[in-house]
Amino acid sequence: MRALPPLALLAIASIASFPTAADAQSALERGYLFKPPAATITLFGGFAQASASSDIFAQSFDELTLGRQDFAGSDRGVDVAITLNGRTDIVFSVAGNSVRRRSAFRDWVDQDGRDIEQTTRFSRTPIGIGARYYLRDRGRMIGSRAWIPTRLLPYVGASVGGMRYRFVQYGDFIDPGTLDVFRDEFKAEGVAMFGQASAGAAWSIIPEMQLVGDLRYTYARGSLGRDFAGFDRIDLSGLTTAVGLAIRF
């Protein structure tokens with residue numbers, strides 16, 4: 001039998017060394033990957049409670065039929081994490097939450113005895129970059145071709161960035177000098193710097209996928225502009241709880 005040339009032998013050896021479809025299926029069944037993941041994308045949704053502690057909110061709570069709970073609502077976003085080393089990721093994140101609430105003056109009605117009504121809209125969109133540190137090794141290599149993920153992986157994190165915000169009140173209002181009712185719109189919007197601290201845990205469902213639970217506190221304050229002259233900076237801070245689905249690559 002004629003011997004195979006050296007290049008053919010090298011090609012056969014190289015092909016044999018690559019993971020096959022059967023190998024990949026086996027990896028899934030056995031609960032491991034062929035190498036540690038280089039990146040993770042997490043899609044999440046949750047509940048955002050605004051702190052609403054500045055004086056523009058205090059006046060709204062005092063004069064209008066609004067409370068702090070009215071500035072809580074759904075939150076959604078995405079994190080893209082790039083593996084820096086065994087326990088640390090660099091994380092790029094964007095999220096968004098918005099509420100729209102109707103209200104009326106608590107102590108005043110118009111000349112026909114009807115409520116003096118208005119609508120308040122408040123939205124926040126933070127875009128940030130930060131670091132996430134895992135409190136345990138995220139997995140371990142077995143030999144040279146098997147990486148086994150840690151089942152439960154707690155973490156802490158911190159980030160900074162810019163938050164796009166918008167606070168609008170429109171409808172009917174009372175002139176405090178004449179007590180006349182007038183219709184108007186007051187608006188404040190801009191971009192404010194923010195800082196954020198987070199903590200959570202990721203649970204491996206399968207090697208490529210995790211279920212994530214996350215708690216984040218964001219601190220930020222922004223300018224209200226001339227429509228709300230005389231007020232302090234608006235409080236953009238708040239606490240967010242979220243769950244998400246993470247895909248490893």
Side-chain angles (χ1 to χ4, degrees), residues 31-33 35-54 68 71-98 123-142 147-165 191-222 233-249:
Y32 63 81
L33 299 175
K35 62 180 180 178
T40 304
I41 295 179
T42 305
L43 301 175
F44 63 84
F47 181 79
Q49 173 64 67
S51 299
S53 63
S54 53
R68 186 166 282 104
F71 293 94
S74 62
D75 184 87
R76 53 198 173 276
V78 60
D79 289 344
V80 178
I82 308 299
T83 301
L84 187 63
N85 57 44
R87 291 198 178 189
T88 307
D89 287 344
I90 298 297
V91 183
F92 303 89
S93 62
V94 58
N97 57 80
S98 178
S123 63
R124 297 172 294 163
T125 306
I127 301 174
I129 181 173
R132 179 180 297 157
Y133 179 76
Y134 295 98
L135 303 182
R136 303 172 62 186
D137 290 337
R138 70 183 83 201
R140 67 186 190 277
M141 289 296 299
I142 303 297
W147 182 81
I148 300 177
T150 300
R151 181 57 60 92
L152 184 63
L153 198 57
Y155 64 83
V156 294
S159 64
V160 296
M163 179 187 293
R164 178 73 180 175
Y165 66 93
V191 177
M193 296 298 294
F194 75 86
Q196 186 179 84
S198 63
W203 180 67
S204 288
I205 305 171
I206 60 174
E208 292 85 356
M209 188 176 297
Q210 297 171 297
L211 184 64
V212 179
D214 193 87
L215 181 68
R216 305 182 184 194
Y217 177 75
T218 304
Y219 178 83
R221 289 183 176 263
R233 293 168 66 82
I234 185 171
D235 181 17
L236 304 170
S237 306
L239 186 67
T240 302
T241 56
V243 294
L245 195 63
I247 308 297
R248 291 169 165 148
F249 295 92

Closest non-hydrogen atom pair, F47 against A72
CZ-CB, 3.4 Å
Side chain to side chain contact (heavy atoms under 4.5 Å, CB included) assessment of S51 paired with Y219
CA-CA 9 Å; S51 299; Y219 178 83; over 6 Å; no
Minimal non-hydrogen separation, P207 against R248, with atom names:
O-NH1, 2.9 Å
Are I90 and L84 packed together at the side-chain level, in the sense that at least one heavy-atom pair is separated by less than 4.5 angstrom?
yes
Enter the distance from I41:CD1 to I247:CD1 here, rounded to the nearest 0.5 Å.
8.5 Å
Looking at every non-hydrogen atom in both residues, tell me the closest pair between A50 and R68 and how far apart they are.
O-CG, 4.0 Å
P36 side chain near M141 side chain, heavy-atom distance below 4.5 Å
yes
Does a side-chain heavy-atom distance below 4.5 Å link Y165 with I234?
yes
Separation between CG (L239) and CG (L215), nearest 0.5 Å, reads 5.0 Å
Going by heavy atoms in the side chains, are R136 and L152 under 4.5 Å from each other?
yes
Please name the pair of heavy atoms, one in A220 and one in S237, separated by the smallest distance, quoted to 0.1 Å.
N-OG, 3.1 Å
Calculate, to the nearest 0.5 Å, the distance between atoms OG1 and OH belonging to T240 and Y217 respectively.
11.0 Å
Rounding to 0.5 Å, atoms OG1 (T88) and CZ (R132) come to a distance of 11.5 Å
G96 backbone acceptor or donor facing T125 side chain under 3.5 Å
no
Pair D75 + R216, salt bridge at N-O below 4.0 Å
no
How many angstroms lie between atom CG of L211 and atom CD1 of I206, to the nearest 0.5 angstrom?
12.0 Å
When you look at S53 and R221, which way does the side chain to side chain contact (heavy atoms under 4.5 Å, CB included) test go after all the steps?
CA-CA 10 Å; S53 63; R221 289 183 176 263; 3.7 Å; yes
Donor-acceptor pair, side chain of Q196 and main chain of G157, under 3.5 angstrom
no
Applying side chain to side chain contact (heavy atoms under 4.5 Å, CB included) to R87 and Y133, what does each step give before you reach the verdict?
CA-CA 6 Å; R87 291 198 178 189; Y133 179 76; 3.5 Å; yes
For residues L236 and A192, report the shortest heavy-atom separation together with the two atoms involved.
CD1-CB, 3.8 Å
Using a strict cut-off of less than 4.0 Å between a Lys/Arg side-chain nitrogen and an Asp/Glu carboxylate oxygen, indicate whether R138 and D89 qualify as a salt bridge.
yes
Would you please name every residue forming a salt bridge (Lys or Arg N to Asp or Glu O under 4.0 Å) with D235, sequence neighbours left out?
none
Determine the minimum heavy-atom distance between N97 and S74, stating which atoms define it.
CB-O, 3.2 Å
Just how far is it from atom CZ of F249 to atom CG of L33, taken to the nearest 0.5 Å?
12.0 Å
Between R124 and T218, is a side chain to side chain contact (heavy atoms under 4.5 Å, CB included) present by the stated rule, with each step listed?
CA-CA 11 Å; R124 297 172 294 163; T218 304; 5.8 Å; no
Just wondering, more than 12 heavy atoms not from R76 lying within 6.0 Å of its CZ?
no
